[in-house]
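Since the structure comes first, as structure tokens, the remarks are kept for the end.
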Amino acid sequence: MQIPGHIDPVTTGTVPLRGGNRVDLVGLTREGIRSALEDAGLDAKAAKLRSKQIWHWIYHRGVTEFDAMTDIAKAMRPWLTERFIVGRPTVVTAQVSTDGTRKWLLAAADGQEYEMVFIPDADRGTLCVSSQVGCTLNCRFCHTGTMRLVRNLSAGEIVGQVLLARDVLGEWPKGTMASTADVDDEDDDAGHYTADGRMLTNIVMMGMGEPLYNFDEVKGALKIVMDGDGLALSKRRITLSTSGVVPMMARAGEEIGVNLAVSLHAVNKEIRDEIVPLNRKYGIEELLAACAAYPGANNARRITFEYVMLKDKNDSDADARELVRLIKQYKLPAKVNLIPFNPWPGAIYECSSPERVRAFSNIIFESGISAPIRTPRGRDIMAACGQLKSAATKPSRAELDRIAEEKQAALG
Ligand code: SAH
Ligand code: SF4
């Protein structure tokens with residue numbers, strides 16, 4: 001079976017409707033909400049007005065009940081409730097790390113599970129969002145890579161993670177807003193809305209899955225997240241990470257326009273073929289050329305190269321020097337993010353020693369390129385980079401090898 005998408009067909013299921021026959025409005029464009037209302041029987045003018053109001057309530061106020069949408073006529077609210085819902089993913093489990101990182105296992109309407117992670121820092125808070133249940137790819141150091149791809153997440157399920165995070169962090173505005181839509185709001189005296197002091201300030205598409213293999217839904221979700229009348233996150237605060245799906249990179253830059261992170265992880269074909277097997281399809285030269293052409297990348301908005309530090313695999317001084325050479329050869333506005341390998345049960349790699357990571361970082365810094373070492377966060381709850389995996393089963397090594405082989409064959 002082919003999945004909808006632009007490139008590289010993989011198998012997936014369909015996304016079920018939440019709330020029985022009722023249509024979930026989360027994830028629809030404004031236009032989509034308008035036409036859903038028209039399809040349900042509203043005339044064009046009413047649908048236009050109501051869609052604007054509903055959008056504002058969903059994405060600016062975080063409201064999930066039509067009854068709370070106080071500028072919509074009282075008589076109309078039950079009519080909406082019968083036909084539509086404003087959904088949220090179901091929380092299966094929620095965990096908190098000793099370092100404050102939080103991880104949620106979420107379930108979609110069809111029971112499929114995926115994870116979301118929130119990483120608080122002194123000056124910001126980053127939500128790590130999943131784009132797929134499982135992953136088609138099989139990077140050998142990644143726990144998600146040991147899962148088969150179950151299906152793509154829909155735009156609603158992707159943006160739903162952000163909405164849920166706002167719910168749990170208690171970060172929806174209360175009180176009056178500048179918008180005239182709120183004139184008959186019942187909580188007028190609750191004070192004025194301010195966006196300052198929010199915990200959730202940044203989003204990274206670095207959860208489960210390869211976002212560029214689910215381009216349309218990821219794009220739809222991020223457009224909603226960036227919409228000024230709503231969540232209104234700046235594209236500068238959103239980063240999309242790809243393992244190197246070269247044919248989709250230019251479109252990601254042109255049509256989504258967020259920051260790009262590229263999972264490079266190795267500087268020569270032999271090692272990258274082994275640890276990021278997508279390299280056998282799109283090699284390092286092609287990948288770096290696509291980075292050089294990435295729309296919107298410049299010295300103020302650099303491309304991040306992610307580099308997982310694997311003991312005796314990709315962590316020598318010569319590797320660091322080659323990384324610098326490549327970045328310079330392609331004249332890339334780049335920074336390097338060194339990620340100490342996060343272990344998971346059954347992983348065949350070890351993390352480089354702290355001294356090795358430091359030496360690797362120094363070589364890159366000395367060439368004038370920034371190469372900070374990422375502090376692992378949430379390791380105790382398996383929430384760190386590459387530790388996410390939703391199925392509780394623990395496949396044998398033979399089973400893992402079989403999955404890896406299948407995935408490789410599917411890549412062609
Ligand atoms: N699928 C996307 C997003 C992945 S997660 C991608 O591959 O880019 C974000 C980063 O974590 C990627 O660079 C990924 O390669 C890295 N990663 C995966 N497993 C890891 C592990 N066990 N330890 C450290 N980083 C890991
Ligand atoms: Fe998939 Fe990214 Fe993990 Fe590779 S690192 S297996 S692309 S989630």
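Just so we're clear, the structure is a prediction, and the values are computed from it rather than from any experiment. Indexing begins at 1, ligand by ligand and atom by atom, following the structure's order. Side chains are part of it too, since the values below use all heavy atoms of this structure and drop only hydrogens, waters and symmetry mates.
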Applying salt bridge (Lys or Arg N to Asp or Glu O under 4.0 Å), run through D315 and R356 and close with a yes or a no.
CA-CA 7 Å; D315 63 350; R356 186 86 298 275; 5.3 Å; no

Candidate pair K313 and E274, rule salt bridge (Lys or Arg N to Asp or Glu O under 4.0 Å), full reasoning
CA-CA 10 Å; K313 189 46 80 178; E274 176 192 328; 3.0 Å; yes

Using salt bridge (Lys or Arg N to Asp or Glu O under 4.0 Å), reason through R325 and E322 one step at a time and then give a plain yes or no.
CA-CA 5 Å; R325 193 194 65 76; E322 177 62 4; 2.9 Å; yes

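The atoms of ligand 2 that sit less than 4.0 Å from any heavy atom of L137 are 6 (S), 7 (S). Close contacts of ligand 2 with C135, meaning ligand atoms under 4.0 Å from a residue heavy atom, involve 1 (Fe), 6 (S), 7 (S), 8 (S). For ligand 2 and G209, the ligand atoms under 4.0 Å from any heavy atom of the residue are 8 (S). For ligand 2, the atoms lying closer than 4.0 Å to a non-hydrogen atom of S243 are 7 (S). For ligand 2, the atoms sitting less than 4.0 Å from at least one non-hydrogen atom of G145 are 6 (S), numbered in the order shown with element in parentheses.
What sits closest to atom 4 (Fe) of ligand 2 on the protein, heavy atoms only, is C139 SG, 2.3 Å.
Within the 4.0 Å heavy-atom shell around ligand 1 one finds W344. Remark: distances from the non-hydrogen atoms of G244 to ligand 1 are all 4.0 Å or more. Residue contact annotation: M208 has no non-hydrogen atom under 4.0 Å from ligand 1.
Relative to the six-membered ring of W172, R61 misses at least one condition, a distance below 6.0 Å or an angle of at most 45° to the axis.
Of the candidates G386, A261, P376, S263, the one placing a heavy atom closest to atom 12 (C) of ligand 1 is S263. When the heavy-atom distances from atom 24 (C) of ligand 1 to A384, C385, A347 are ranked, the shortest goes to C385.
Under 3.5 Å, the side chains of E217 and S154 contain no donor-acceptor pair of N or O atoms.
Atom 3 (Fe) of ligand 2 has an N, O or S atom of C142 under 2.8 Å away, backbone or side chain.
Note on E38 versus R34: salt bridge recorded, some NZ/NE/NH1/NH2 to OD/OE distance being below 4.0 Å.
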